[in-house]
Amino acid sequence: MPTRQPARPSGRHTPARARARRGAGDVFAGLAALVVLVALVGGVPYALLMFVGPPLAPELLDLDLLTSRVGPSTIVAVLVLLVWLAWFQLFACVLVEVYAGVRRVGMPARVPLSGGTQVLANKLVSAVLLLFTAGAMVAPIAKLTPTPAATPVTTVAYSAPIVEQTLETQKTKKVYVVQPPHGRHHESLWEIAEKCLGDGRRYPEIYRLNQAKEQPDGSRLRMADLIRPGWVLDMPDDARNVHIVPTDQPRSKTLKEHPGRAEVPQGQAERKETEKKSEAKHRQPEQRQDVVRPDQQPVVIQEGHESDLVDYLASASLAAAGLLLVLARRRREQLWRRVFGRRIARPRDDAARAEVALRLGGDAPGARVLDVGLRVLGAELAAQHRTPPIVYGAHLSPRTLDLWIHPPDGDAPQPWTAEDGGQVWRLPAHEGRLLPDHEPGGAPYPGLVSIGTDASGRVLIDLEAAQGLINVRGPQTTAALAALAVELATNRWSDRMRVTLVGFGEELTAIAPDRIRAVGSLAEVLPELEATAAPRREVLTGRVSGSPRDAHYLLSSVAPTHEEARRLALLARKDTAGYVVAGDVPHATWTMEITEDGKARIAELGFEVTAQLLPRRHYKALVDLFRTAGRLDGEAVPQAEPLQGLHPPAVEIRILGPIEVAGLPPLEEGRMALATELLVYLATHPGGVHPAVLGGVLWPRGVQAMVRDATIARVAEWLGPEHLLTDEAGRLRLGPEVRTDWALFRELVRRSQGDPTAGAVLLEKALGLVRGPLLTGRPPGRYAWLAADDLEYDVAAGVADAAHQLCEIRLANDRPDAAVAAVRAALLLATDDEGLWRDLLRATHATEDTVRLRAVVEGLTRRAASHPYGGGMAPETEALIEELLPTWRIHVVRESSA
């Protein structure tokens, strides 16, 4: 099957048409092929036996044949033998083709010296087999670009056509050497495609040719927007302004021989090469120093380790969004039980880096469009008393959500539209974003799960749509199964879910213990699966009508025995559940091949994508992350270094609310966000940060040293040399006249200790600095480093503790209104700290205003019911409400009834 080309940047994807029924021409061709096949296989030997005799005539058995004169009868006998041999060859070809078609082995074996005879047999057998698949359901072959429509592939036997291949040795290839930046301009794949291919939109061709191939610096192309100077890119055959080199020449040798642009005259190129080598020679000692000096926090040493986590986890954007949602729920439960004076436990090492990757890649808006869009679709179909169609797959891009459905249906419910003759139902992303979260309807397609990405978005398949076994093969089978399991167990477009893992993933139960279970063998679960099987139509109708059954998916890294495979195949045909099994499974409906270079291919659907994988070290990092989120013991909050004075600083960086930088002129809009983040990081790490570390923090996906240094230089110019200092080890730190409001907050709290009277004033002043959630308004995708830093945890705990202490002081002094004000100030930032809500209840009760207390209770109840992380409210909070306002449940019931 030809390789599918990635979709154009427009994000519009058109499935190749697959007819649900054969036409009259197909039937006629099949019947004609059957007649011809019967005539050749049966008629020819019958005619030979009746009219000319057996293959070996008596004349050919005469021992004197080789020495006696050859007569006409002998010649006829030889010709008859040749005809018989030709028929035997045809018969052998037919047998091979029938075996390949019935057993679905793909490309049939070659019959020696068959040539055109096997081609003829192939065409005849293919036509006849298609004739006998009348009851088969034709799976649509989705294509991700407007390439010619592929031949429909049925879910039953077929005979693969023989492809005559002409091998041609290509001795040379075309390459392009990425150049260093010119001023502030850096080359991109788009510009290279525009210059060398005549159209910037052809950049995916260059990306595909070079994806994951090792470059001279040891790195690999992972994202289309990240290329580095000195990389050698393979180019399409029609490229111009490129170098022509031997196909087997290493990239490092190509770079050495062709460091400059291809269009530069030879003399100039040599001069530029000398200059580059001279510059590199001067740069090398500094770069080596960045790597090896231990006193400079050498994150560069760990670059491959960390970028590997980012490559896998950040690219799984829907799984990352689901994991972050589940993680936030766990953190909320930690805050329920947080003890004043301690912060909740934070992740370390790989677990912390895993959360950084999740924050970088999590596509919460896309997950919401998928969730709400599918629920609205189900609700609309239920209102029209229609059964939801079979969805084989989906494609989610920034512009659209496409569902590939069967059978085609041109009547898509609003706001969905039907495309490509009803084979695709499409929801524009802007329409999906406008849909309200509270739309009624269940989750009709909980089995939709990502298998990987193409050039413009994420490709998903519905595990239930196969209506048979899905076979996973390849060198990274378990990593593929783990990725499926994590996304299934954490997605938001399902309601009731069970995922059974066979032979792997026992640790993954820590992520979603209510959804995931792990067993050792298929024999442990087969009886249960057979007892709970349910027809597909009944389950789909129940999901959209409000009476859903649990969705159940089985993922097995253990290859089934022959009997287990037979039972699973029979079960999968009548059950709505999804069954994904590793090993060589002959009865599989779909087969997903995971290749060595990280591709996932499903030939039956025509999909080829960059696979979504979760190798063992990566999911161990996730497991550690969630285990940390389950700890209830907490950690001590470290003491802050005292400030020298409380006088106003020259530059103040405000982070306790919307991000503000006071005391500096504004930068141009395109640079302000990055420069501010750099300042925030330096300001919250007063011990100093090496530029190499800073590069890894601000650009976790990688950055060129020259870009990093240029950014630092720009910030130094903005701040002034007196405010950005460099120590002897090369670390950067801010001067004493640059301060954060968080540093001032901690100093005020520190000075408040020991003197209740003056301390209350200082605590009020500290809480007056809080203007909203930490770093409000930070751009999406930035500040991911917070996941691996103390700042978030320290700020939330510090603000809540200060408010609790001031609340206690004010209540002791019989000033309940001031106590309420203190707690409400802290709730601007530490909204999910349940201890603060209990302080607010006590302080409001102390005002002896029952109406005011009931308003707080009702607000807290509404908040708990609609909280984006779910979970209601802490038991301790409910118990306190019962104590302070015993009639609260009656009012809640009346309000909900009204």
Side-chain angles (χ1 to χ4, degrees), residues 328 330-348 352 627-643 655-656 684 686 740-770 773-774 786-813 815-816 818-844 846 873-877 879-880:
R330 300 283 182 84
R331 295 259 170 84
R332 187 169 180 236
E333 292 174 6
Q334 282 183 301
L335 284 169
W336 285 359
R337 296 167 176 81
R338 187 187 76 86
V339 177
F340 283 108
R342 296 180 70 82
R343 68 186 187 193
I344 64 174
R346 81 165 184 86
R348 311 280 175 176
R627 284 176 176 164
T628 303
R631 285 177 49 193
L632 303 179
D633 52 340
E635 300 172 338
V637 179
Q639 295 295 321
E641 291 292 328
L643 292 180
I655 64 175
L656 300 179
T684 53
T740 65
D741 53 356
W742 168 235
L744 177 59
F745 181 98
R746 299 181 83 178
E747 179 63 16
L748 291 171
V749 171
R750 189 185 67 83
R751 295 189 180 192
S752 71
Q753 306 305 307
D755 186 348
T757 303
V761 176
L762 292 173
L763 288 173
E764 276 188 348
K765 188 173 182 180
L767 290 168
L769 299 173
V770 177
L774 177 69
L786 288 170
D789 198 89
D790 289 339
L791 184 63
E792 267 186 344
Y793 300 87
D794 288 351
V795 170
V799 169
D801 287 351
H804 174 71
Q805 185 178 355
L806 182 56
C807 177
E808 294 293 323
I809 294 174
R810 293 310 188 198
L811 288 177
N813 294 331
R815 295 183 57 191
V820 169
V823 176
R824 289 199 176 277
L827 283 171
L828 292 174
L829 187 144
T831 311
D832 284 332
D833 195 305
E834 202 81 359
L836 283 177
W837 287 102
R838 291 193 286 272
D839 281 345
L840 181 61
L841 288 168
R842 284 189 288 265
T844 307
M873 67 177 74
E876 294 87 342
T877 307
L880 181 60

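W837 places a side-chain N or O within 3.5 Å of a backbone atom of T831 that can act as its donor or acceptor partner. A donor-acceptor pair under 3.5 Å links the side-chain atoms of D833 to the main chain of G835, judged by distance alone. The closest donor-acceptor contact from the side chain of E834 to the backbone of M873 lies at 3.5 Å or more, if one exists at all.
Rounded to the nearest 0.5 angstrom, R746 CZ and L769 CG are separated by 13.5 Å. Atoms CG and CZ, on L840 and R842 in that order, are 10.0 Å from each other to the nearest 0.5 Å. Between the CZ atom of R331 and the CG atom of D832 there is a distance of 12.0 Å, given to the nearest 0.5 Å. Here CD of E333 is found 11.5 Å from CD1 of I344. Values are rounded to the nearest 0.5 Å. How far CD of E792 is from OG1 of T684: 11.5 Å, rounded to the nearest 0.5 Å. The line from CD1 of I655 to OG1 of T740 is 5.0 Å long, rounded to the nearest 0.5 Å.
When all heavy atoms of S752 and L763 are compared, the closest pair comes out as OG-CD2, 3.5 Å. Between P347 and T628, the closest heavy-atom pair is N-CG2, 3.7 Å. Annotation for A797 and R342: closest pair CB-O, 4.1 Å, computed over non-hydrogen atoms. Considering all non-hydrogen atoms of both residues, A830 and A800 come closest at CB-CB, 4.3 Å. The two atoms that bring P816 and A843 nearest to each other are CB-O, 3.7 Å, heavy atoms only. Looking at every heavy atom in both residues, A345 comes nearest to Y793 through O-CE2, 4.0 Å.
With contacts defined as side-chain heavy-atom distances shorter than 4.5 Å, the pair L828/P773 does not qualify. Using a 4.5 Å heavy-atom cutoff, the side chains of R332 and R330 are not in contact. Contact of the R343 side chain with the V637 side chain is registered, since non-hydrogen atoms from C-beta on lie closer than 4.5 Å.
Using a cutoff of 4.0 Å between basic side-chain nitrogens and carboxylate oxygens, R338 and D801 are scored as salt-bridged. A salt bridge links R751 with E747: the distance from a Lys NZ or Arg NE/NH1/NH2 to an Asp or Glu carboxylate oxygen falls below 4.0 Å.
Under the ring-ring contact (aromatic ring centres under 6.0 Å, His included) criterion, W742 pairs with F745, not counting sequence neighbours. Residues meeting the side chain to side chain donor-acceptor pair (under 3.5 Å) test with D741, sequence neighbours left out: none. With sequence neighbours excluded, the residues forming a side chain to side chain donor-acceptor pair (under 3.5 Å) with R810 are E764, listed by chain and number.
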Self-check item: Q805 vs Q753, side-chain contact (heavy atoms from CB on, under 4.5 Å): CA-CA, chis, key distance, verdict
Solution: CA-CA 10 Å; Q805 185 178 355; Q753 306 305 307; 3.5 Å; yes
Practice problem: Under the side-chain contact (heavy atoms from CB on, under 4.5 Å) rule, what do R838 and E876 come out as? Steps first, then yes or no, please. | Solution: CA-CA 8 Å; R838 291 193 286 272; E876 294 87 342; 3.8 Å; yes
Exercise. Starting from the C-alpha separation in whole Å, work towards a yes-or-no answer on side-chain contact (heavy atoms from CB on, under 4.5 Å) for H804 and E808.
Key: CA-CA 6 Å; H804 174 71; E808 294 293 323; 3.5 Å; yes
Quiz item: Would T877 and L841 count as a side-chain contact (heavy atoms from CB on, under 4.5 Å) if you check the C-alpha gap in whole Å, the side-chain angles of each, and the deciding distance to 0.1 Å?
Solution: CA-CA 9 Å; T877 307; L841 288 168; 4.1 Å; yes
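For the side chain to side chain contact (heavy atoms under 4.5 Å, CB included) criterion with L767, the lone passing option out of L829, L748, V749, V799 is V799.
Atom CZ of R337 has more than 12 neighbouring heavy atoms from other residues, nucleotides or ligands inside a 6.0 Å radius.
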